[in-house]
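Starting from 1, each residue takes its place in the sequence as its number. The structure displayed is predicted, hence computed values, not measured ones.
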Amino acid sequence: MRLSAQFLWLIPALPLLAAGIGAFTPRGGRALAAGAAITAMALAFLVACAAFVTALHDPTVPLVDNFTWFDVGTSPLRLGWLLNPLTAVMCVMVTFVGLLIFIFSLGYLHADPNFARFFCFLSLFAAAMLGLLVANSLLLLFICWELVGLASYLLIGFWFHKPAAAAAAKKAFITTRIGDLGLLLGILWLYDATGSLLFFDGGNGVLEAKALASLSTQTTVGGLAVSTAIGLLIFCGAIGKSGQFPLHVWLPDAMEGPTPVSALIHAATMVAAGVFLIARVFPLMAADQGLTTVPLHALTVVAFIGALTALLGAVIAIAQNDIKRVLAFSTVSQLGYMMLALGVGSWVAAIFHLLTHACFKALLFLGAGSVIHAAHHEQDIRNLGGLRGPLRLTFATFAIGTMALAGVPFVFSGFWSKEGILHAAHAWHVSMLPLAAGLIAVVLTAFYMTRLVAETFLGHARSPVAAAAHESPRRMTTPLMILAGGTIALSFIGTPYWPWLQRFLDPTAHPDPSDLQLMILSIVLVALGSGTGWALYARHPRPRPTAADPLARLAPPIITALAARLHFDEFYHATFGQFSRGFARFADGLDRFIWDGAIRFLARLSEFAGSVNRDVDENALNGGFDAASENLRASGKTYAQAQTGQVQGYLRFVAVGFVLLALAALLGGFR
């Protein structure tokens, strides 16, 4: 079955419809809300599979359906849908992993009073992510991008009665908005420079040769190519969504939401959006690569930010004691690997690792959820231990996810996808620092995952809740088994010896399997990290929760700083936070004493002018007019009294007047 690009909208529309149903479902309609969400996600998965089959037919030709949304003056604002191999594999991954997380949630939140609302938010989250994937317009992508941010806020703060959850939701929303501001500026600049935001539009799209040539030949401040400047602004959005340094601080706190939310955010949706965005606009990011006159290349910045994030996340993860926070910092580190791959020019390796990571990280988070559910919501690994016996299935699947994340060869997909990144970094001629950071992170990843498994599942139970733990119900363990199978199955389609997935994504890709020395070095580093973790935590299990951590005994100040996440939050609070508070106080003072004072002065001046105007009007103008009117009125009354209407009286006045005139004439004659 093939799917036309005109019907791609069905993939996000199905879970969006389920979200609408959930929004109008009463609190008691648990079955309706959950049934609609799971059914819609299953149908979206089937449509995504049809789209995947369609993309298989001809991976080199993207299928596009553009349409006019509305007119702005004489210019139409156009959106569109896009189907190419990148879209196809991402849609299948998101719907598949999302469906399993939805099913797992049935058991994990079965007793939550807001069960129906939770599935409404999950469906909205999935719809926004899927809309982002099928968009052929950067504007449509940005709309869905912001809906992803909204849904993450709702889900991270789902247990809003917990202050920590409410604070984490606000932190995630505000932190990612910082990056989104850069993305928005990049979108506006791109539209101003090209007049379009469509990725593909018959040769006129922003990712097609005509626009790329124009953007790369224009320069801006500091000699940067316009394509470089726009690419770096777009990368700001990816830094926020994908938890890259320095905006990584929101990602660990997102663990305050329910565990299925953590799995969905960290595996298939929100954090994957940033990596997908850079992969989608990769031609724009790479447009300046052939230019020798520009002072900086966009992908170089991506590579170094990714390398730093990969190392930073792994270093902090070794000292965390919350089972979900270990996995959260692991996600930060793995996302750094993906950005590293993008930066060194191998977007195919980045997407391969994104797909494998989605599978095994969802497995690990859901496995952690199974542990938390069995241990009555205990998340501190120091209070667990001994769970391998009662949670056999959870332990087995969690171990598979651990080996995939740690890069254990050869049947685990994480090994091959990570090797692809390391080989791409090794072939990057700009610098060997990203490769060095990646190799150090290999050791640390194997170490902290071995520590996590040993502290959680090995030894003996160190608390009553761990001693009383029992295996989770089948509706929670079945998704674990499916994800474990997927984690292994993915390893067979992306090896250098049969790189089917890489060639499907990019037919020009040719993974090089010849660098066996680097592969052997990577395997040795995995063995070193796992062996050190086993020696410190498995051979001598923690006897009681309060016992000192073996690593902390070796370097107490360093481990204390790492456990506090290197005090990034405190640093931001003391710098940007204090600056924001100081600026707010300045703005408040400016408003109170300057603007408010000026307004009050103008008000008083207006009152004075009004008073003067009133006095002039009432006392001068009105008073003078009233006096003149009164005099005129008095004269009129006097004159009126003379008008008696009697003819005799009038004749008397005439006679008197005649006599007076005669006398005057007589006197004048004598003179």
Side-chain angles (χ1 to χ4, degrees), residues 307 309-334 336-337 360-361 364 367-368 380-382 384-388 395 398-412 414-415 418-419 421-422 435-460 462 517-545 547-566:
T309 305
L311 186 58
L312 179 67
V315 168
I316 297 177
I318 67 175
Q320 300 303 307
N321 294 311
D322 185 305
I323 185 173
K324 290 171 64 177
R325 290 191 185 276
V326 175
L327 297 176
F329 279 105
S330 168
T331 300
V332 173
S333 180
Q334 298 306 305
Y337 269 111
F360 64 67
K361 187 52 67 70
L364 289 170
D380 194 326
I381 59 177
R382 294 170 295 188
L384 297 175
L387 297 180
R388 178 176 58 177
F395 169 69
F398 196 92
I400 291 174
T402 296
M403 288 186 281
L405 174 57
V408 174
F410 288 96
V411 298
F412 301 102
F415 169 76
K418 191 176 293 185
E419 283 301 305
I421 294 174
L422 294 176
L435 175 63
L439 291 173
I440 296 172
V442 166
V443 182
L444 297 175
T445 303
F447 173 80
Y448 67 69
M449 288 308 298
T450 304
R451 171 181 179 263
L452 178 61
V453 171
E455 291 276 69
T456 304
F457 293 99
L458 305 184
H460 63 276
R462 294 185 292 271
Q517 292 182 343
L518 182 58
M519 184 181 293
I520 293 171
L521 174 61
S522 175
I523 295 172
V524 170
L525 293 177
V526 170
L528 176 62
S530 297
T532 305
W534 185 269
L536 290 177
Y537 294 97
R539 292 184 60 186
H540 305 286
R542 185 191 298 268
R544 58 190 179 279
D549 188 287
L551 196 62
R553 289 197 297 264
L554 297 176
I558 296 176
I559 299 305
T560 300
L562 293 178
R565 301 185 282 184
L566 293 177

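- Looking at Tyr537 and Thr450, their side chains never bring a donor and an acceptor atom within 3.5 Å of each other.
- For the pair Arg553/Pro550, a side-chain contact is recorded, criterion being any heavy-atom separation below 4.5 Å from C-beta on.
- Smallest separation of non-hydrogen atoms from Ile559 and Ala552: CG1-CA, 3.9 Å.
- With rounding to the nearest 0.5 angstrom, the NE2 atom of His460 is 9.5 Å from the CZ atom of Arg544.
- Atom-to-atom distance recorded for Leu311:CG and Ile440:CD1 is 5.5 Å, nearest 0.5 angstrom.
- Within 6.0 Å of CD1 on Ile558 lie no more than 12 heavy atoms contributed by other residues, nucleotides or ligands.
- Here the CZ atom belonging to Arg451 is positioned 8.0 Å from the CD1 atom belonging to Ile318, to the nearest 0.5 angstrom.
- When all heavy atoms are compared, the tightest approach of Leu422 to Leu435 is O-CD1, 3.6 Å.
- Scanning both residues, Ala406 and Ala446, for their nearest heavy atoms gives CB-CA, 3.9 Å.
- The only member of Phe395, Phe360, Phe412 that meets side-chain contact (heavy atoms from CB on, under 4.5 Å) when paired with Ile400 is Phe412.
- Interatomic distance, OG1 of Thr456 versus CZ of Phe398, reported as 6.0 Å (0.5 Å rounding).
- Closest approach of Pro545 to Arg462, counting heavy atoms only: CG-O, 3.2 Å.
- Remark: Arg542 engages Glu455, Asp549 in a salt bridge (Lys or Arg N to Asp or Glu O under 4.0 Å) (not counting sequence neighbours).
- Taking the side chain as every heavy atom from C-beta outward, Leu312 and Val332 never approach each other to under 4.5 Å.
- At distances below 3.5 Å, not a single donor-acceptor pair connects side-chain atoms of Ser330 with backbone N or O atoms of Val326.
- Going from atom CZ of Arg565 over to atom CD of Gln320 covers 7.0 Å, rounded to the nearest 0.5 Å.
- By the 4.5 Å heavy-atom criterion applied to side chains, Leu439 and Leu518 are counted as neighbours.
- Of the listed residues (Leu405, Leu364, Asn321, Leu327), just one forms a side-chain contact (heavy atoms from CB on, under 4.5 Å) with Leu452, and that residue is Leu327.
- Summarising the geometry of Gly336 relative to Thr309, their closest heavy-atom pair is CA-CB, 4.1 Å, with the distance given to 0.1 Å.
- The aromatic rings of Phe410 and Phe415 lie perpendicular to each other, with more than 60° between the two planes, well past the 30° mark.
- Atom CG of Asp322 sits about 10.5 Å away from atom CZ of Phe329, to the nearest 0.5 Å.
- Ala314 and Thr445 get closest at one heavy-atom pair: CB-OG1, 4.5 Å.
- The closest donor-acceptor contact from the side chain of Tyr337 to the backbone of Ala310 lies at 3.5 Å or more, if one exists at all.
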I'd like a table of donor-acceptor pairs (distance under 3.5 Å, sequence neighbours excluded) in which one partner is a side-chain atom from residues 525-536, with atom names and distances.
residue : atom : partner : partner atom : Å
Ser530  : OG   : Val526  : O            : 3.1
Thr532  : OG1  : Leu528  : O            : 2.8

